[in-house]
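Heads up, the thing below is written out as structure tokens.
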Number of protein chains: 2
Amino acid sequence: MEDVVAGVLRQWERAYPGLDTGPIAVLGRINRCAALLQQTPDPLTRAGLTRAEFDILGALRRVDAELTPTQLARESFASGAAVTKRLRLLEERGLVSRRTDERDRRVAHLSLTDAGRELVDGLVQELVAYDRVLLSGLTPDEQDRLAEALAGLLNTLEGTIGRSLR
Amino acid sequence: MEDVVAGVLRQWERAYPGLDTGPIAVLGRINRCAALLQQTPDPLTRAGLTRAEFDILGALRRVDAELTPTQLARESFASGAAVTKRLRLLEERGLVSRRTDERDRRVAHLSLTDAGRELVDGLVQELVAYDRVLLSGLTPDEQDRLAEALAGLLNTLEGTIGRSLR
DNA sequence: AGCAGGTAATTTACCTGTGAATCATCTGCC
DNA sequence: GGCAGATGATTCACAGGTAAATTACCTGCT
């Protein structure tokens, strides 16, 4: 059985005979998977959260401590400006609370409210269950190998990109 | 050697002992890889194109025929509105030209100009070479297995999502 | 003929992210 | 003590995406 990308690859190969479509086969599929995952309604959508907002809440839950906006940006792989915007919405919804540092009044310390923590606790369970369904087409063994290959790729990418930014 | 996601997974596991982090290990890495790929400057950036714009040009080159905006939307996995906007920019740059259908004056037929075609021809070579570098951390065999696993996942996702939209 | 309904493309209003500038505050040095 | 420069966070102007409404046109039915 063939996926959508396979047809695209054949077209490229026909347009440019001899072209090495191997790299596109990998990266094109990663992009396509990510795009599909982002567009699909999931438990977060039903809870009225975006993936980006959940990344903030998740970071606070994971580390189980207060975090500053800068730390949150690093933890959730986002820009500072994006974090500021998301925090405003999350605070308005009463999921996150803010405390100003006493020593250095520039810095803020964010933490989950009780409501925020309960929301995350419930959502994590739902999300994992949902993700398991999405992966159900692969055997557990295939899933493990896929995760491992992606970890390797991720390391290369972080390296390449880190270098290109300097 | 460990990737960035591995640390995150350990934190989740510590916050929720016994949580099955397997699904996150796969999907989290896919999202992270895609985000990195999107943020990184690549040959397209240097040519002043976004990935989305190149997807339009690429579709026209691949099928080597005129396409309507609706067909372009399907081919490049985008919304109609997005295609309209991109086409306007690409036409302004002289990369794409438009022809109105004679029978049905609602429909437009888009094709690459000579300049557009030459641009794509050059960029495809550069892109494949660049992608090969990004994947250089994996052996060719690992790359093949990764592509295959992703194809399987993609099929499941298209299925799951197709169902959820009905 | 002419209208009801469908379809292609575009427009509109809005939302979210980004990089650059700005504001507020702290720290080190003279 | 007080200023120069650094740093944390926010704001700003803008780019690009989306869903829903709109425009323009075609087709089939009476």
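Residue numbering restarts at 1 for every chain, and letters A, B, ... go by the order of the sequence lines. Computed from a predicted structure; not experimentally measured.
In terms of heavy atoms, B/L72 sits closest to B/I56 at CD2-O, 4.0 Å.
Both A/Q71 and A/Q39 lie close to DNA chain D; mapped to their nearest nucleotides by heavy-atom distance, the more 5′-ward contact belongs to A/Q71. Place A/V83 and B/E102 on DNA chain D by their nearest nucleotides, and A/V83 ends up nearer the 5' end.
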What N/O pairs connect the protein and nucleotides 4-8 of chain C at under 3.5 Å? Give each pair on its own line.
from: C/dG6; atom 1: N2; to: B/R106; atom 2: NH1; distance (Å): 2.7
from: C/dT7; atom 1: O2; to: B/R106; atom 2: NH1; distance (Å): 2.3

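A cation-pi arrangement is present between A/R61 and B/Y16, with the terminal nitrogen or guanidinium carbon under 6.0 Å from the aromatic centre and inside a 45° cone about the axis.
Across all strands, B/R88 comes closer than 4.0 Å to no nucleic acid atom at all (heavy-atom distances). In this structure, A/S79 reaches the sugar-phosphate backbone alone: every heavy-atom distance under 4.0 Å involves primed, P, OP1 or OP2 atoms, never a base.
One distance of note links CG of B/N155 with CG of A/D3; it measures 5.5 Å at 0.5 Å rounding.
Under the 4.0 Å criterion applied to side-chain N and carboxylate O atoms, B/R32 and A/E158 are assigned as salt-bridge partners.
In this structure, the side chains of A/T40 and A/Y130 come closer than 4.5 Å at one or more pairs of heavy atoms. Using a 4.5 Å heavy-atom cutoff, the side chains of A/R93 and A/E53 are in contact.
For residues 46-61 of chain A, proximity to DNA chain C is found at A/A52, defined as any non-hydrogen atom under 4.0 angstrom from a strand atom.
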